[in-house]
Structure formats: structure tokens, C-alpha cells
Amino acid sequence: MDSKAVVDLIYWRDIKRSGVVFGASLFLLLSLSVFSIVSVLAYIALALLSVTISFRIYKGVLQAIQKSEEGHPFRSILESNLALPEDVVQKHCTVALNQVNRTVAELRRLFLVEDLVDSLKFAVLMWVFTYIGALFNGLTLLIVALISLFSIPVIYERHQTQVDHYLALINKNLKNTSDLILAKVPGLKRKSE
């Protein structure tokens with residue numbers, strides 16, 4: 001799936017496809033909040049098997065009544081090649097490995113305090129995450145993230161000028177506050193200054 005297809009999905013360009021993806025994802029996450037992952041996977045597999053077995057029996061009865069020789073209703077899927085191409089897997093593994101290496105290098109830089117200001121920002125972020133973790137579990141955060149992913153881009157697209165105005169005000173205030181703190185606390189100036 002390319003990035004344009006993902007953007008079209010979250011901006012609801014094709015309402016049916018976006019609705020199916022959003023609904024199925026939300027249903028899966030809500031199911032996981034009630035049942036264990038083993039139960040959810042088993043229920044999904046049973047539902048899929050119920051549909052395919054019912055369809056196969058229906059087609060068999062229909063063929064018997066009409067005395068036709070259409071064969072297995074899923075023959076085209078059974079005969080298709082579902083193997084992943086090795087070059088595609090290699091490409092995605094290389095991209096994932098590069099991302100992991102960048103993340104490890106950045107975490108090393110933050111934990112070993114290469115830049116005091118960045119490490120302090122990271123510490124504050126982790127401190128905020130302790131409070132978020134105390135309020136929500138990971139599944140709740142995934143549900144909120146999914147709903148946000150499918151709603152915030154559309155809201156931003158419709159009200160872009162107002163949102164940009166308020167974001168500019170917030171960024172200006174954050175920069176002023178950060179500059180004030182950096183000026184008042186000795187030893188927090190960046191190395192490049």
C-alpha cells in the first residue's frame with residue numbers, strides 16, 4: 001500500500017473503504033479490550049470459516065439443482081500464488097532495520113546525555129507518559145489514536161486557517177517560554193550557542 005492510498009484512506013476520499021477499515025479496526029480494538037487476543041482471533045477465524053463453509057455448501061447445492069459443473073467456488077483463490085516476493089520483503093526489512101538503527105542511536109544520544117537540553121526534554125516527556133500510563137492502558141490509547149487518525153485530518157482539512165492560527169499562537173508562546181527558561185537556568189544553553 002503506497003502513501004497516497006493511506007492518505008486517501010484517512011482523509012475519507014473513498015467513504016466505503018475508509019468506513020470498512022475504520023470500523024473493522026475499531027471493532028478489533030474494542031474486542032481486544034473485552035476478550036483476550038486468543039479469543040478474538042478464534043472468533044474471527046470461526047466467523048470467516050462460517051461464511052466460507054456456508055458459501056461452499058450453497059454453491060454445491062446450487063450446482064446440484066442446476067446440474068452444472070462450475071467446480072469449486074474458491075478455485076481461483078486456491079490456485080493463485082499468495083507467496084510474498086522476496087525482493088519486497090527484503091526492501092521492507094531494510095527500511096525497518098534502518099529505522100531501528102536510527103532509533104537506537106537517538107536513544108543512546110538521549111540516555112547518555114550528549115545534549116543536556118534534549119535529554120531533559122526527553123525526561124519531561126517520559127514523566128508525562130507516566131501520568132498518561134496511570135490514566136489509560138495501552139489498548140485505550142490505541143483506540144484513541146485510531147479515532148484521532150480518522151478524524152483529526154478531516155477536521156484540519158475543513159478548518160485549516162483557524163487551526164493554523166491557533167497553532168502559531170501556541171508555538172510562539174512555547175518558544176517564548178523555552179527561551180525564557182534557557183536564559184534563566186545556567187548550563188542549559190545548547191552547545192551550538
message = Donor-acceptor pair, distance only, cut-off 3.5 Å: does the side chain of Ser31 make one with the backbone of Phe27?
response =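 Side chain of Ser31 to backbone of Phe27, a donor-acceptor pair under 3.5 Å: yes, one is there.
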message = Keeping Thr130 on the side-chain end and Trp127 on the backbone end, is there a donor-acceptor pair under 3.5 Å?
response =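 Pair found, side chain donor or acceptor close to backbone of Trp127.
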ask   = Salt bridge or not for Arg13 and Glu157, using N-O below 4.0 Å?
value =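 So Arg13 pairs with Glu157 through a salt bridge.
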Among the clusters formed by ILVMFWY side chains lying less than 4.5 Å apart, do [X] and [Y] turn up in the same one?
X	Y	result
Val104	Leu112	no
Phe122	Phe129	yes
Val38	Leu30	yes
Ile152	Ile15	no
Tyr156	Ile10	no

More than 12 non-hydrogen atoms from neighbouring residues, nucleotides or ligands closer than 6.0 Å to [atom1] on [X], yes or no?
X	atom1	answer
Ile132	CD1	yes
Glu79	CD	yes
Phe74	CZ	yes
Gln90	CD	no

Could you give the distance from [atom1] ([X]) to [atom2] ([Y]), rounded to the nearest 0.5 Å?
X	Y	atom1	atom2	value
Thr94	Asp87	OG1	CG	11.0 Å
Leu142	Leu149	CG	CG	11.5 Å
Leu62	Glu70	CG	CD	7.0 Å
Trp12	Arg17	CH2	CZ	13.0 Å
Leu180	Ser178	CG	OG	9.5 Å
Leu9	Ser3	CG	OG	12.5 Å

Is there side-chain contact between [X] and [Y], with heavy atoms separated by less than 4.5 Å?
X	Y	result
Thr140	Leu135	no
Asp8	Lys4	yes
Leu120	Val124	no
Phe22	Ile147	yes
His72	Arg56	yes

task = Applying salt bridge (Lys or Arg N to Asp or Glu O under 4.0 Å), name anything that partners Lys175, two or more places apart in sequence or on another chain.
result =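 Partners of Lys175 under the salt bridge (Lys or Arg N to Asp or Glu O under 4.0 Å) test: Asp179.
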Stepwise side chain to side chain contact (heavy atoms under 4.5 Å, CB included) test for Thr177 and Leu174 = CA-CA 5 Å; Thr177 305; Leu174 285 175; 5.6 Å; no
Side chain to side chain contact (heavy atoms under 4.5 Å, CB included) between Ile155 and Val163, intermediate numbers included = CA-CA 9 Å; Ile155 292 169; Val163 171; 5.6 Å; no
Could you pull out the closest heavy-atom pair between [X] and [Y], with the gap in Å?
X	Y	answer
Pro73	Phe55	CB-CE2, 3.7 Å
Ser119	Glu114	OG-N, 4.5 Å
Pro153	Ser148	CD-O, 3.5 Å
Ile37	Leu32	CA-CD2, 3.6 Å

query = Can you find a side-chain donor-acceptor pair between Asp164 and Thr161 that sits under 3.5 Å?
reply =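 No, Thr161 and Asp164 have no side-chain donor paired with an acceptor closer than 3.5 Å.
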